[in-house]
Amino acid sequence: MSDPAILNWRRLSPRLTSSGQPSEEQLGEIAALGVTDVINLGPHEHVKALPDEAASVAALGMRYTYIPVDFAAPTEADYAAFAAAMTEADGRTIHVHCIVNARVSAFFYRYRRDAIGENAARAEMDSVWQPAGVWAEFIGDTPVDGTDHRYRGRDY
């Protein structure tokens, strides 16, 4: 089976994928890949969010973890909850998403860099976006005043 055609889909390892918001149909495709755990960092209130993603994921036999991250203000508590969810799901097949894979790629950059020491983590994030402002600070970069996020395919 091929990977689903979901916005900013990334396969980070055989047991780890990420993307933007999947549709109901795409959740089924994710389940068919053998995913056992879905972690959502996007807010349920977003216009692109599913009406009841937790129920949709559960109906497909997958576990669902919801960590709503405010795009304007990611916190260390958000990151701690993400790291705990990753630890809890260790050994299973995990899919993590948000709305466009910006939140997720930044969280994975930190997690893969700090928790598991992967050098390729930055390139994966950069393939989706280059964060500025609070997100640059969140990942440990020095924010540059007056710069905006840069999204792959949109402005570079």
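Model, not experiment: these values are computed from the prediction.
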Sidechain N-carboxylate O distance under 4.0 Å for R122, D141: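 Salt bridge present between R122 and D141.
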May I ask you to say whether R63 pairs ionically with E88, meaning some side-chain N is under 4.0 Å from a carboxylate O? no
For the residue pair [X] and [Y], confirm or rule out a side-chain donor-acceptor distance under 3.5 Å.
| X | Y | value |
| --- | --- | --- |
| W9 | T17 | no |
| S56 | E53 | no |
| D78 | T75 | yes |
| N101 | S18 | yes |

First locate atom [atom1] of [X], then atom [atom2] of [Y], and finally report the distance between them rounded to the nearest 0.5 Å.
| X | Y | atom1 | atom2 | result |
| --- | --- | --- | --- | --- |
| H46 | N40 | NE2 | CG | 11.0 Å |
| I99 | K48 | CD1 | NZ | 8.0 Å |
| L60 | E29 | CG | CD | 11.0 Å |
| C98 | I39 | SG | CD1 | 12.0 Å |
| M62 | I30 | CE | CD1 | 6.5 Å |
| Y64 | D52 | OH | CG | 8.5 Å |

Measure the shortest side-chain to side-chain distance between [X] and [Y] over non-hydrogen atoms and say whether it is less than 4.5 angstrom.
| X | Y | result |
| --- | --- | --- |
| M86 | Y111 | yes |
| I139 | P131 | yes |
| Q21 | H97 | yes |
| I6 | S23 | no |
| D37 | T93 | no |

Can you name the closest pair of heavy atoms from [X] and [Y] and give their distance?
| X | Y | answer |
| --- | --- | --- |
| H44 | A49 | O-CB, 3.4 Å |
| L33 | P4 | CD1-CD, 3.5 Å |
| Y66 | G42 | CE1-O, 3.1 Å |
| A102 | Y151 | CB-CE2, 4.1 Å |

Distance-only, no hydrogens or angles: does the [X] side chain make a donor-acceptor pair with backbone N or O of [Y] under 3.5 Å?
| X | Y | answer |
| --- | --- | --- |
| H95 | V38 | no |
| E137 | V134 | no |
| R10 | S127 | yes |
| Q26 | A5 | yes |
| S105 | V128 | no |

Residue pair E124, R113: steps toward the salt bridge (Lys or Arg N to Asp or Glu O under 4.0 Å) verdict: CA-CA 11 Å; E124 285 289 344; R113 177 193 67 200; over 6 Å; no
Residues passing the ring-ring contact (aromatic ring centres under 6.0 Å, His included) test with F107, sequence neighbours excluded, are F82, F138
Among residues at least two apart in sequence or on other chains, which ones pass ring-ring contact (aromatic ring centres under 6.0 Å, His included) with Y79?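 None.
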Determine, step by step, whether L41 and V96 satisfy the side chain to side chain contact (heavy atoms under 4.5 Å, CB included) criterion, reporting the C-alpha distance in whole Å, the side-chain angles of both residues, the deciding distance to 0.1 Å, and the verdict. CA-CA 8 Å; L41 303 184; V96 186; 4.3 Å; yes
May I ask you to decide if the ring planes of F71 and W135 are parallel, tilted or perpendicular, using 30° and 60° as cut-offs? tilted
